[in-house]
Protein chains: 2
Amino acid sequence: MTLLVEVRDPCGLAEVVGRLGVPMQFSRDEEIHGQDEPVARLFRVVRGVVRTSRVTIDGRRQIGEFYYAGDVFGLEPGPLHRFAAEALSDSEVAVVKRSAVLQAVGEAAFNAAILDATRRELDMAQAHLLVLGRKSAVQRVASFLMGLAGRRAAGAVDLPMGRQDMADYLGLTIETVSRTLTQLQGDRVVEFASLRRFQVREWPALEALAA
Amino acid sequence: MTLLVEVRDPCGLAEVVGRLGVPMQFSRDEEIHGQDEPVARLFRVVRGVVRTSRVTIDGRRQIGEFYYAGDVFGLEPGPLHRFAAEALSDSEVAVVKRSAVLQAVGEAAFNAAILDATRRELDMAQAHLLVLGRKSAVQRVASFLMGLAGRRAAGAVDLPMGRQDMADYLGLTIETVSRTLTQLQGDRVVEFASLRRFQVREWPALEALAA
DNA sequence: CGGTTAATTGAACGCATTCAACACGAGTGG
DNA sequence: CCACTCGTGTTGAATGCGTTCAATTAACCG
């Protein structure tokens with residue numbers, strides 16, 4: 001657990017935000033920051049899961065990313081939040097002003113940390129591009145489940161988001177997601193104990209399906 | 001022209017790379033840097049157009065971005081190039097070692113510039129995500145043409161890449177791209193003077209189609 | 001228990017793909 | 001100048017995947 005955080009946070013931004021941040025509670029679907037708000041604070045997930053999303057002009061919803069315990073979010077390419085952030089379930093988030101972090105660690109370390117976090121965002125975005133641009137429904141869902149299960153190597157895995165969130169994230173409809181999950185379960189690749197909890201039965205098969 | 005460069009390069013990275021860089025010539029489809037190579041240099045397009053691309057395990061090709069005159073490329077989230085870079089047409093590229101830039105401008109300015117460029121990459125990636133995740137073929141092609149035409153407000157616009165590159169970039173097949181272009185032309189929204197040169201006839205219609 | 005929301009399933013449709021044939025343009029050599 | 005070829009782009013017909021719309025079922029919570 002500690003190792004994971006260290007690996008994903010070589011510049012210490014997550015640690016600093018966690019240390020300086022004020023813990024705040026958010027309930028299911030509560031907004032943590034809004035779309036088009038000015039960027040002023042940094043956030044770190046302490047408990048629960050957070051999603052970033054935005055709505056396009058024609059009403060379609062796009063999920064930016066899902067953030068899990070330890071992850072930092074609130075970084076944006078520009079001065080405004082391009083995405084809103086909401087708690088998926090009841091969550092605890094450490095919140096701190098950017099200026100406070102800047103003051104605490106100095107400008108050089110701050111920039112380095114922001115750069116590092118931005119790089120990680122870019123990395124995720126590019127991985128996601130491959131999924132959306134070139135993968136079939138089964139491949140998308142399989143990749144997604146692998147990503148979730150990868151966080152907890154074996155045993156039952158929590159599926160913190162609903163089908164609609166999955167669908168918006170994967171660029172599919174809720175019906176296709178549902179059908180695909182049913183199919184994967186029918187093929188004994190994964191097994192759902194409940195709607196929000198599953199276990200990988202056949203890792204090689206899942207990897208093959210994720211292509 | 002100068003204004004455009006300034007707007008897109010507030011931290012001067014493009015200017016520095018252009019100034020320090022050694023101009024190199026690349027012919028059509030020639031590789032500028034390879035996939036999985038270590039990141040050691042920065043590049044700036046002087047003349048021509050450059051594409052970044054990578055091939056997945058199963059042989060599908062993904063286009064990262066297209067870079068035009070003035071654009072900086074060669075930035076990556078990690079220590080290795082996730083994408084290869086190739087010249088689309090005969091091009092001139094200014095090449096400079098990262099270490100040389102670092103030494104020339106100092107660590108603080110270097111980091112700021114890299115951060116800024118990385119942010120722009122992230123911005124492009126997220127815009128692209130919206131296209132790939134939620135848009136139809138017509139919307140994708142229309143958006144793409146708008147993006148190209150936006151660089152040169154009016155008159156004939158150069159289409160520097162072939163249909164296959166467009167298709168890979170937009171997550172479509174070459175046939176669908178071709179059909180869509182034909183359709184847009186039939187609807188008098190755009191007009192192709194030749195295969196690689198077009199003009200926007202109805203801006204409002206094109207914007208509407210791009211959604 | 002109902003009442004409500006979320007998820008699944010079914011059937012028909014439509015868009016993009018696939019596979020195949022054809023057109024076009026540029027370059028080459030007769 | 002024409003014939004030939006090769007690469008690239010276009011067009012056609014059939015298929016299939018994911019969507020759409022609608023109905024049903026399951027889960028959750030009082």
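Every chain is numbered from 1 and lettered A, B, ... according to where its sequence line falls, protein lines coming before strand lines.
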Below 4.0 angstrom, N of the basic side chain to O of the carboxylate: do [X] and [Y] qualify?
X         : Y         : value
Glu15(A)  : Arg19(A)  : yes
Arg119(B) : Asp123(B) : no
Asp165(A) : Arg51(A)  : yes
Arg120(B) : Asp71(B)  : no
Asp158(A) : Arg196(A) : no

### Task
Could you verify whether a donor N or O on one side chain and an acceptor N or O on the other, from Arg54(A) and Gln62(A), lie under 3.5 Å apart?
yes

### Query
Is the closest side-chain donor-acceptor distance between Glu30(A) and Ser27(A) under 3.5 Å?
yes

Using whole Å, what does the distance between atom [atom2] of nucleotide [N] and atom [atom1] of [X] come to?
X         : N       : atom1 : atom2 : result
Asp165(B) : dG7(D)  : CG    : P     : 17 Å
Met166(B) : dT10(D) : CE    : P     : 10 Å
Arg60(A)  : dT19(D) : CZ    : P     : 13 Å
Arg196(A) : dA27(D) : CZ    : P     : 13 Å
Leu170(A) : dC17(D) : CG    : C1'   : 16 Å

### Message
Taking the axis from the first five pairs and the axis from the last five, what angle separates them in the helix from dC1(C)-dG30(D) to dG30(C)-dC1(D), rounded to 10 degrees?
### Response
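Nearest ten degrees gives 20° for this helix.
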
Identify each atom pair where a protein N or O and an N or O of nucleotides 28-30 of chain D are less than 3.5 Å apart, giving names and distance.
none

#### Entry: Within 6.0 angstrom of Arg201(B) CZ, more than 12 heavy atoms from elsewhere
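No, CZ of Arg201(B) has 12 or fewer neighbouring heavy atoms, counting only those of other groups under 6.0 Å.
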
### Task
Would you confirm whether Thr52(B), through its side chain, and Glu65(B), through its main-chain N or O, come within 3.5 Å as a donor-acceptor pair?
yes

### Query
Distance from Leu159(A) atom CG to Phe144(A) atom CZ, nearest 0.5 Å?
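Here the rounded value is 6.5 Å.
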
### Message
Taking the ring centre of each residue, are His33(A) and Phe83(A) less than 6.0 Å apart?
### Response
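Not close enough - the centres of the two rings lie 6.0 Å or further apart.
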
### Query
Do any of residues 174-183 of chain B sit with a heavy atom less than 4.0 Å from DNA chain D, and if so which?
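Within residues 174-183 of chain B, the residues near DNA chain D are Glu175(B), Ser178(B), Arg179(B), Thr182(B).
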
### Query
Does anyone know the first and last nucleotide of DNA chain C in reach of chain A, 5' to 3', at under 4.0 angstrom to a heavy atom?
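Extent of the interface on DNA chain C: dA7(C) to dA11(C).
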
## Note on the structure
Glu202(B) meets the salt bridge (Lys or Arg N to Asp or Glu O under 4.0 Å) criterion, sequence neighbours left out, with none

#### Entry: Listed partners of Arg134(B) passing salt bridge (Lys or Arg N to Asp or Glu O under 4.0 Å), at least two apart
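Here the qualifying residues are Asp168(A).
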
### Message
Pick the closest DNA chain D nucleotide for Arg134(B) and for Gln164(B) by heavy atoms, then say which residue is nearer the 5' end.
### Response
Gln164(B)

